[in-house]
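One-based numbering, in listed order, for ligands and for the atoms of each.
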Amino acid sequence: MCGIIGCVGREDETLDVLVHGLSKLEYRGYDSAGVALSGERVDVCKKSGKIEDLRAALESRTLGGAAGIGHTRWSTHGPPTDENAHPHLDCSGDVAVVHNGIIENYQELRDELATAGHTFKSDTDTEVVPHLVEDALADGLDNEAAVRRAIARLEGSYAVAVVVSGDDTIYAARNDSPLVLGIDDDAYYLASDVPAFRDFTDRVIYLADGEFATLSADGWRVSDVDGNEVDKDVDTVDWDPEETGKSGYDHFMLKEIHEQPRAIRQCLRGRVDELSGEVDISDLGDLSPTGVQFVACGTSYHAALYGAQLLRDAGIPAQTFLASEYATAPPPIGDALVVGVTQSGETADTLSALREARKRGARTMAVTNTVGSTAARECDHALYIRAGPEIGVAASKTFASQLAALNLFSLGTTRIDGAREIIGALRDLPSNIQAILDDSNAESVAETYVDSGAYFFIGRGHQYPVALEGALKMKEITYKHAEGFAAGELKHGPLALVTEDTPVFAVVTGDGEMARKTIGNVKEVEARDAPVVAVTDGQSDVERYADEVLEVPETHPQAAAVLANVQLQLVSYYVADKLGRSIDKPRNLAKSVTVE
Ligand code: F6R
């Protein structure tokens with residue numbers, strides 16, 4: 001949700017580096033984009049629309065300066081216009097600021113600054129920052145002290161980067177919004193996320209809340225609110241720059257769907273003992289949960305629903321809460337563990353629920369894809385899903401990896417009947433997913449139903465979260481109406497929506513009680529003339545009632561959920577593609593939602 005970048009030390013390449021970095025951050029927001037370079041004066045170019053629109057605007061401009069900052073926006077305060085695009089300037093045009101987050105006291109600050117004679121050009125909360133810096137400079141403070149004084153006035157969440165004319169330094173600070181520095185031999189970067197500068201360096205420093213960074217061609221420095229130097233570790237990222245490219249696929253989402261076999265292998269590597277067939281996640285510390293509350297949003301919430309089922313299967317009381325509703329959840333009991341499932345590790349609703357859980361005395365664990373993320377740093381434990389960077393705004397491979405990681409969590413912390421069988425099924429996941437990717441008829445199913453009025457998804461047990469996820473993916477990338485239901489719920493109301501124009505995707509795996517009951521629900525929709533698409537491993541006779549079949553290899557029901565989801569991802573992808581949708585950047589959405 002908004003991406004910021006900064007670069008110093010690249011001399012006349014600064015602008016290219018910024019625009020390249022913004023293109024890598026565009027998944028965080030694509031309402032507008034802009035850059036500012038500071039030399040003798042501050043030059044700004046900003047434009048509503050995508051990075052391409054900024055590139056076009058830059059063709060007729062010459063921007064000079066050694067230190068640069070840039071921004072790609074997901075609108076919170078004010079519509080996506082040129083005026084509301086970042087960077088924002090003070091009255092003199094000497095101070096430029098980019099910001100990710102929300103300044104909660106901006107109205108109060110804006111009123112105060114307006115009374116003091118400052119004029120505002122945008123509707124944004126961010127614009128107060130350059131004016132606060134301007135005020136401090138007018139009071140005779142040097143640039144760093146002026147930026148520090150401005151930051152100290154802010155309440156809310158921010159990752160902020162500031163440049164001032166005549167100064168080739170970037171000043172930056174964070175609170176509750178991600179900010180990472182990139183360290184090269186003679187150039188320095190900052191960004192909301194590592195892909196922004198990963199093509200140039202693999203050495204990174206994750207800033208913590210309350211830290212302040214200065215970057216200039218001479219080096220970097222991180223200090224605390226009082227200006228005392230902070231000793232920071234320089235970490236090395238372990239993924240290649242190519243992982244953030246499309247590698248020949250039309251869309252990042254399709255590439256990421258195809259990366260699922262590798263993502264699962266990475267998730268399992270070193271955690272499943274090849275000889276004993278046991279799961280070892282002891283590096284996470286002593287988890288031994290007596291009860292678990294999961295908190296998460298969106299796709300991660302669906303993964304959390306699945307994770308809670310796994311624990312309940314193992315006899316551990318487990319509940320799932322939408323992170324944004326956690327305030328109304330009952331307090332965690334005894335030594336309960338509160339688990340935040342969050343791909344980005346930066347989702348404001350999830351972070352806030354985890355903080356609430358800590359206040360209530362619970363231990364916390366993040367299940368996340370992002371090393372160094374706020375969730376990973378703030379929680380007592382972090383279970384990394386290791387999916388690699390996911391650029392498509394709609395989550396795909398990270399959902400599969402979350403399911404795999406939650407299996408590791410339940411297997412590694414509880415005694416489960418049939419654990420060996422589950423571990424075997426997890427190990428088979430990469431090849432089974434590959435078999436689906438090689439042979440899927442999802443594109444022809446998409447072709448058949450691309451013009452349908454709405455899509456419904458049903459599943460039971462472990463397949464219920466998959467039905468919810470199938471519907472979310474369809475909504476997000478096709479902009480068409482889709483709903484997921486527990487199969488048994490359909491007859492309690494939603495069945496009224498079912499017509500010959502509303503295909504129902506039924507996830508039916510195995511041949512047990514769950515499958516039998518779901519087939520009963522399939523017959524109910526069939527009797528109302530709705531087309532049925534069965535996602536099945538062929539163990540039951542659901543095919544008899546289906547108009548189309550999407551096959552998945554036969555496996556344990558827990559692993560079948562991952563496989564069925566791959567077929568549903570592909571259907572949504574191809575429907576969206578046939579409709580010409582903006583698959584990697586669906587309208588109104590952003591990858592990392594850092595506001596509540
Ligand atoms: C859907 C999607 C979102 C995220 C949600 C939580 O495709 O990507 O629903 O799952 O915003 O994000 P994280 O997992 O980063 O907390």
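Of all protein heavy atoms, the one closest to atom 10 (O) of ligand 1 is T299 N, 3.1 Å. Here the heavy atom of the protein found nearest to atom 16 (O) of ligand 1 is T347 OG1, 2.5 Å. Remark: minimum distance from atom 14 (O) of ligand 1 to any protein heavy atom is reached at S300 OG, 2.5 Å.
Look at V393 and you'll find a heavy atom under 4.0 Å from some atom of ligand 1. Contact annotation: E346 has no heavy atom less than 4.0 Å from any atom of ligand 1. Within the 4.0 Å heavy-atom cutoff, S592 does not count among the residues contacting ligand 1.
Judged by a 6.0 Å distance limit and a 45° cone about the ring axis, R587 is positioned over the six-membered ring of Y479. Stacking of R360 on the aromatic ring of Y326 is recorded, both the 6.0 Å distance cut-off and the 45° axial limit being met.
Distances between N or O atoms of A394 and those of ligand 1 include no value under 3.5 Å. Between Q402 and ligand 1, no N or O atom pair is found at a separation short of 3.5 Å.
A side-chain donor-acceptor contact under 3.5 Å links T374 and E346. At a cut-off of 3.5 Å, with distance as the only test, no side-chain donor of D537 or T509 sits close to an acceptor on the other residue.
Below 30°, between 30° and 60°, or above 60°: for F200 and Y189 the angle between ring planes is below 30°, a parallel geometry.
Applying the ring-ring contact (aromatic ring centres under 6.0 Å, His included) test to F399 and every residue at least two apart in sequence or in another chain returns nothing.
With a 4.0 Å cut-off on non-hydrogen atoms, E476 touches ligand 1 through its side chain and not its backbone.
For the atom pair Q309 CD and L406 CG, the distance stands at 11.5 Å (nearest 0.5 Å).
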